[in-house]
Protein chains: 6
Amino acid sequence: MTRPSKRRPDELRPVTLERNVARYAEGSCLVSFGNTKVLCTASLEERGPPWLRGSGRGWVTAEYSMLPRATHERTRREVTSGKPSGRTQEIQRLIGRSLRAVTNLPALGERQVTIDCDVIQADGGTRTASITGAWIALRDCFAWMQARSIISVDPLRDHVAAVSCGIHQGSPVLDLDYAEDSAAETDANFVMTGSGGIVEVQGTAEGKPFSQEELLAMLALAKGGIADLVALQKAAIAP
Amino acid sequence: MTRPSKRRPDELRPVTLERNVARYAEGSCLVSFGNTKVLCTASLEERGPPWLRGSGRGWVTAEYSMLPRATHERTRREVTSGKPSGRTQEIQRLIGRSLRAVTNLPALGERQVTIDCDVIQADGGTRTASITGAWIALRDCFAWMQARSIISVDPLRDHVAAVSCGIHQGSPVLDLDYAEDSAAETDANFVMTGSGGIVEVQGTAEGKPFSQEELLAMLALAKGGIADLVALQKAAIAP
Amino acid sequence: MTRPSKRRPDELRPVTLERNVARYAEGSCLVSFGNTKVLCTASLEERGPPWLRGSGRGWVTAEYSMLPRATHERTRREVTSGKPSGRTQEIQRLIGRSLRAVTNLPALGERQVTIDCDVIQADGGTRTASITGAWIALRDCFAWMQARSIISVDPLRDHVAAVSCGIHQGSPVLDLDYAEDSAAETDANFVMTGSGGIVEVQGTAEGKPFSQEELLAMLALAKGGIADLVALQKAAIAP
Amino acid sequence: MTRPSKRRPDELRPVTLERNVARYAEGSCLVSFGNTKVLCTASLEERGPPWLRGSGRGWVTAEYSMLPRATHERTRREVTSGKPSGRTQEIQRLIGRSLRAVTNLPALGERQVTIDCDVIQADGGTRTASITGAWIALRDCFAWMQARSIISVDPLRDHVAAVSCGIHQGSPVLDLDYAEDSAAETDANFVMTGSGGIVEVQGTAEGKPFSQEELLAMLALAKGGIADLVALQKAAIAP
Amino acid sequence: MTRPSKRRPDELRPVTLERNVARYAEGSCLVSFGNTKVLCTASLEERGPPWLRGSGRGWVTAEYSMLPRATHERTRREVTSGKPSGRTQEIQRLIGRSLRAVTNLPALGERQVTIDCDVIQADGGTRTASITGAWIALRDCFAWMQARSIISVDPLRDHVAAVSCGIHQGSPVLDLDYAEDSAAETDANFVMTGSGGIVEVQGTAEGKPFSQEELLAMLALAKGGIADLVALQKAAIAP
Amino acid sequence: MTRPSKRRPDELRPVTLERNVARYAEGSCLVSFGNTKVLCTASLEERGPPWLRGSGRGWVTAEYSMLPRATHERTRREVTSGKPSGRTQEIQRLIGRSLRAVTNLPALGERQVTIDCDVIQADGGTRTASITGAWIALRDCFAWMQARSIISVDPLRDHVAAVSCGIHQGSPVLDLDYAEDSAAETDANFVMTGSGGIVEVQGTAEGKPFSQEELLAMLALAKGGIADLVALQKAAIAP
């Protein structure tokens, strides 16, 4: 079996993490997983949501959107339909949960950081690229806050990154692009920390159910891929 | 460690599946997992959505809602907020995908079956109870259609059922009720077929990340629980 | 003339009032008028709407909804249309007004009780069944509050119940089911107190106008029917 | 007892019905009941709603709105709240039903007439003034259609008009203005035809319930008032 | 070239400004530019929007709407579409800006005046008629406030009025009616003060672009027309 | 007087027009006016809006949006508010009109091209940058269509570009950035064609009214600036 992209089963697409791309944001990262490109920005809001008041801790939330022509066919803007789609809400909840899993919320104080993930170009894996890039934006936002003595300790406890896996023509493969994703029998997303803990596993059989063995094979691929992504995050923030 | 409900780690709550509870529906089931009660109805619509036309196949979709006072504190009706919440949409997409995974859609013809899952009382596990009860409602709808010669073969290929697992005070446990769910460090939902195939795995770390061993322990518990649920489904539809 | 249900013109359908059906609500009642079944729950909210503050009195409000497959044909959920329909709003305003007519609002204190009437199955008369069952839920909520010394006197001043009447094939009849309601020339709803006072009269000519005599004949039927319903309420709450 | 307006209990406010006030409408009437002023226009639409097609009959529908400063305090436009309020929907359904009760819908053909009732100034009784004026607008629309041979027979079967009554300081009074309406213990609206048939009765106890005698006294007042209104309609359309 | 209305190129339609037409408003004016009729009311709100608090100045805002049958064909109410159209928002922002340009906002105190412009009949130029009439309503509202010593100095600094111009069959013309507006190659709206200052210029080529000469010719026509409108405003408020 | 940016009064910011930046769009351009950056894409849709059918001509429309963190303070996504703001609608209507003014719509056939202008970074002049960049995207889309023989002649009749002017500290200046725009007394946007025709003029006094002389001075600056922008467009598309 050959992958449409000629990659090895355990091979990521070329990944880049470009920092400081948004002039006004407290942290930002343009992440690309091959042709998938997502602009991630972190915005500090001194006034978080009302339910935060008096709680002694902060909050990290995420919003996700796709530019209409990020896709092969133009997608209708969600503003016209009056509400984010179920898919959009599912993704932004996933990004938020993933980042909070490695954030020491009390150390942030009663503030909110909003991560915006805007997909400039979509070729599969937009949610996993978003999480991976969002971590950089959040990290730079925290550095910005520390530099201004808004917080005294770094609220980040660990790296977090994400990658997709799938069963393509019967074989487990890493980091699906759009062509593979459309054809995959099973599609799974993994979110893990720098120390290898699992934050989220989401596996879905598109057609026929998958076996425990297939789940474990995908998990093994994801571990390797996420270790590579964390290494790239480390390189990106190296002084 | 003892569970708040005194159950063994691998013990389901008492499960009942009561058929034919809705006078007008083509199939219906009142499912209870302990104090969680969900009314599932199946509605046949000869006219499916427009994109079905000419496709030669049918569709199974699901809607999910909670009565306002299904919960300890009254929940605001979603009609007032103008749209289903992200959580609601996530759950109804999951129920629909799970049922379609065991349905031969071409055998259904260009028709749609809508499964409504309305939570009458909520004590944790409403989505897993919904899937388990929805299968009965769908099965009875297909039987109703066969009895009227609307379809000639049964479009159902297998059973499907679902159960939650979690890591509670460091130990993996099966079928969390609300008390356990609120306190669990990790929460996972599993959807599997009668023959043991995995349709969906969704594991989320609420606090600290979980390990591969914990994932496997939960998967083992889920297998056992789902086998029990499938046996209960078989008993419920036995002539 | 014979009624489709073979009932006498002044005969109610079998009515049941089952209390304490919702584990978490402060008061609840599953009411059935024949095949019409409505789950009524009362929810105490210590914090009422903002305009209540400083007024020295409480409020009783109602919300009404129908499960999608309560009806012969599946009804679209209102959440999808973004707002409650005119009919829904009309009914929930009627239920609220009817209950407030027998409630001593200052005795309730600055609190709100919300009555949810969720139609599980609909065979005509859902609004009159809702009012009749809602009174039980409200009464049990007030008893719950008295038992916990939240209020010292019972805010209920009287019973309230409701019934429909109609002109069917030229004759006045009591408590229309769906078959009669669809065919009735005139449809009227009456809400009265235990002591026979009129709280609400709503009479509508569906086809040709009706006469004063017909209005009086329907009023007489309603009086008798409501007296029976009040007797059933009394029996239901008897110790 | 004296009424705030010094009127006798059975005395209408000065009523005017001015025809042809809207240059582009097929029929129009500016109706005033004292200081209450409503602009009613009838718009013929050759293409009615989809469900009319093939039915062989027409439809008359109504929309109702209030200018923001028709009232003592400015009222927020409903466009900002995204939907007509329950009260608005209740009123426009009432106007539509009242007009259809005297319209021969098959004689109209598969067309729709929309009656717009826009309240220019509100001093109580806006719905009853709307119905009374709307009849003129509809009648002139039908005359316009007959003059152009769009229809051959007049679809109107009778006059229809409406008036409110109330129990004010213990006495039944006719045609409440805002001052009386705010203080009334009971408020009732009556819609009747030219030949005295009842189309709609809506009586509501605002505070304490009312008796059958009070209902009959209000009905008697309404009969007299509506007879006067019908006489004014006849005068208004006299050649 | 002759204009459809036989007017000279620099001739306004007959303009009337009728004051005190709304019983409850603090200021009001029914303005007509030929067959275009707009009811303008001014409503004083002691509590302005939250962002006004502590600013030491007031605000003047405007809302604009058209009655459904103000137009040749009935227009759908915006309440049904859930939001004001782009055109409506554009117009109400223009009216508000124009009035604020001649208002001394600090002299108004922390209060808001809302101007409602409701088009009763539309024959072109509804936004320019609205601005011209709104000035009268605002002026009378300020007089009402001064008479009650709510404010001590008149916040109005100058008159403001507006008129449209267009290039019709190659020639510049003043104050387009609907027939001319539909056929014009270029359409421009001018808002000017009593002392001749320009508040707003909006020129749009409907078909082919226009030249600087044409812009200047329209500006000259507008100056003359607005001077006439200001003279009419002065006459209307003369004691 | 010195401008905050030290530019001469008639000096544009550095302008770049980068083509082919969106992999899937039929035409695209990343335009920057200094720190203002807008991604413009053109999407061909074979199926235009229903009202186009049978008209024999095409349509060009535009949508405009800002990424939440394009601005100094994060801006709330419009999807959350359920509708595009008045400002957004005003801008997208302006972009659409400007492009249609130079497009031969019948030559396009019954097709629609949608131009999406998504502001990546905002430092004043986003609407003028959008129009200038959108022309490139539209031009490349038409070239793409010609290359595939979808159309035989180029529907573009001329260039179109836009620039803002303002009165800053009493002097007319060209191409305002955010710092100048916030402080300007008058703000005007000009849209002109390559041959110097005026497509749109929008001048607004933010504080005190402006004079005819000031309007002419701004017009002169705009002419020069737009000539420069058209030259840059020509260079960008040169082979």
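A note on names: the letters A, B, ... follow the listed sequences, proteins ahead of strands, and every chain is numbered from 1.
- Inspection of non-hydrogen atoms places T114(E), D116(E), C117(E), D118(E), I120(E), Q121(E) of residues 112-121 of chain E under 4.5 Å from chain D.
- The stretch residues 134-162 of chain D places none of its residues near chain E, where near means some heavy atom under 4.5 Å from a heavy atom of that chain.
- For chain E, the nearby parts of S43(D) are the backbone and the side chain; heavy atoms of each come within less than 4.5 Å.
- Salt-bridge check for R74(D) with E63(E): passed, with a basic side-chain N closer than 4.0 Å to an acidic carboxylate O.
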Handout entry: Check against side chain to side chain contact (heavy atoms under 4.5 Å, CB included), L67(D) and T41(E)
Key = CA-CA 10 Å; L67(D) 294 197; T41(E) 58; over 6 Å; no

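- Heavy-atom pairs under 4.5 Å with chain D were tallied for P68(E), A122(E), S65(E); the largest tally goes to P68(E).
- Residues of residues 16-37 of chain D that come closer than 4.5 Å to chain E, counting heavy atoms only, are V21(D), A22(D), R23(D), Y24(D), A25(D), E26(D), N35(D), ordered by residue number.
- Pairs engaging residues 87-98 of chain E under the side-chain hydrogen bond (donor to acceptor under 3.5 Å, both in side chains) rule: Y64(E)-R87(E), E78(E)-T88(E), S85(E)-T88(E), E90(E)-R93(F), R93(E)-E90(F), R97(E)-E200(E) [sequence neighbours left out].
- The heavy-atom pair separating R69(D) from A42(E) by the smallest distance is NH1-O, 3.6 Å.
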